[in-house]
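Worksheet for the structure shown next.
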Amino acid sequence: MTTAIIGTGVIGSVIARHLAAGGETLRLSNADIEPARALAAQIGPAAFVAASNRDASQGADAVVLALRFTALKGVIGEITGPLTGKIVIVPSNPLTADAHGHVSRVLPEGQSSGTVVAGWLPAGARLAMAFGSMSADLFESASNRSPELAVLFYVTDDDRAGEEAARLIRTAGFEPVRAGGIEQSGRLEVGGDLHDLVVGAAEARSLISPV
Ligand SMILES: NC(=O)c1ccc[n+]([C@@H]2O[C@H](COP(=O)([O-])OP(=O)(O)OC[C@H]3O[C@@H](n4cnc5c(N)ncnc54)[C@H](OP(=O)(O)O)[C@@H]3O)[C@@H](O)[C@H]2O)c1
């Protein structure tokens, strides 16, 4: 299967390496093409550098938008056509940093980032919020944990997007656990109760549905 990764920065690069290690074919694009080229050279023949974001998404089974939250709306607007009917996976946390590195949330407290992203997507796009629930270092090191795989949580309102997110999470070396619908995306974000957890499936399920 083929996945497009738009944005080959910190988290996009780790997602790409994990997916390629699991056998996925990748179509990469980035604002500056050089980091995408360097990543593709590191990964090998499984990674193809696309000429543009639109080119990356065309022909892919799923599109991962590994972009800062503030860049998402513009890129979605640029590739509306190819995203129609497509499975779209978004790891973005709704954060921004000022010139001093102070990080703040770009959405009002209580507003779900997933619901906002869903509103930017064209009708028919199938959204899952996934791959953003761990910091990049943790995500890099927790893949293919032994003896029990670590869980990666995802949220979606769409069963097909959920199946694809779960497949990609397994391909990346994690056990997928759905934490609910898109409105639950805040639980996966920085500051959410499911963020940066490295747990097995049983503990993950108890956290989703406490008894
Ligand atoms: N880093 C983490 O530990 C981590 C963990 C979980 C979730 N996340 C979330 O993942 C998202 C990305 O974070 P990051 O740390 O990976 O950020 P990043 O390192 O800045 O990567 C973002 C990438 O997007 C590219 N980009 C920007 N505008 C673009 C456009 N119009 N078309 C194509 N590519 C474009 C940038 O390219 P240029 O550099 O060429 O502009 C950059 O390579 C954020 O929302 C963050 O909250 C990050």
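When a ligand or atom number is given, it counts from 1 through the structure's own listing order.
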Have a look at [options] and point out the one with the heavy atom closest to [atom].
| atom | options | answer |
| --- | --- | --- |
| atom 31 (N) of ligand 1 | Val103, Val75, Asn93 | Val75 |
| atom 22 (C) of ligand 1 | Ala66, Ser113, Gly74, Gly12 | Ala66 |
| atom 42 (C) of ligand 1 | Leu188, Leu65, Asn30, Leu72 | Asn30 |
| atom 10 (O) of ligand 1 | Ile11, Thr8, Leu138 | Ile11 |

Below 4.5 Å, heavy atoms only, C-beta onward: do [X] and [Y] meet side chain to side chain?
| X | Y | result |
| --- | --- | --- |
| Thr3 | Met1 | no |
| Asn93 | His195 | yes |
| Thr115 | Ser185 | no |
| Gln184 | Phe153 | no |
| Asn144 | Leu149 | yes |
| Ile79 | Ile6 | yes |

Among protein heavy atoms, which lies nearest [atom], and at what distance?
| atom | result |
| --- | --- |
| atom 34 (N) of ligand 1 | Ala31 N, 3.0 Å |
| atom 9 (C) of ligand 1 | Pro91 O, 3.7 Å |
| atom 3 (O) of ligand 1 | Ala136 N, 2.8 Å |
| atom 21 (O) of ligand 1 | Gly9 CA, 3.3 Å |

[X]-ligand 1 polar pair, N/O distance under 3.5 Å:
| X | value |
| --- | --- |
| Leu95 | no |
| Ile6 | no |
| Ser29 | no |
| Leu67 | yes |
| Arg68 | yes |
| Val10 | yes |
| Gly132 | no |

Return yes when Met134 approaches ligand 1 closer than 4.0 angstrom through a heavy atom, no otherwise.
yes
Test item, Ser135 contacting ligand 1 (heavy atom, 4.0 angstrom)
yes
Any donor-acceptor pair under 3.5 Å linking the side chain of Arg27 with the backbone of Asp55?
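Between the backbone of Asp55 and the side chain of Arg27 there is a qualifying donor-acceptor contact (under 3.5 Å).
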Any atoms of ligand 1 less than 4.0 Å from a non-hydrogen atom of Phe69? List them with their elements.
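Those qualifying, in numeric order: 45 (O).
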Which ligand 1 atoms, with their elements, are less than 4.0 angstrom from a heavy-atom of Asp32?
40 (O)
Could you check whether Phe131 and His18 have their ring centres less than 6.0 Å apart?
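No - the distance between ring centres of His18 and Phe131 does not fall below the 6.0 Å cut-off.
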Should Leu67 and Val90 be regarded as members of a common hydrophobic cluster, given that ILVMFWY residues are connected when their side-chain heavy atoms come within less than 4.5 Å of each other, either directly or indirectly?
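Yes: a chain of side-chain contacts under 4.5 Å links Leu67 to Val90.
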Say you draw a straight line from CZ of Arg37 to OG1 of Thr8; how long is it, rounded to the nearest 0.5 Å?
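If I round to the nearest 0.5 Å, the distance is 11.5 Å.
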What distance do Lys86 atom NZ and Leu127 atom CG have between them, rounded to the nearest 0.5 Å?
15.0 Å
Considering only heavy atoms, does Asn53 approach ligand 1 within less than 4.0 Å through its side chain, its backbone, both, or neither?
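Just the side chain.
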Electrostatic pair Glu163-Arg160, nearest N-O below 4.0 angstrom:
no
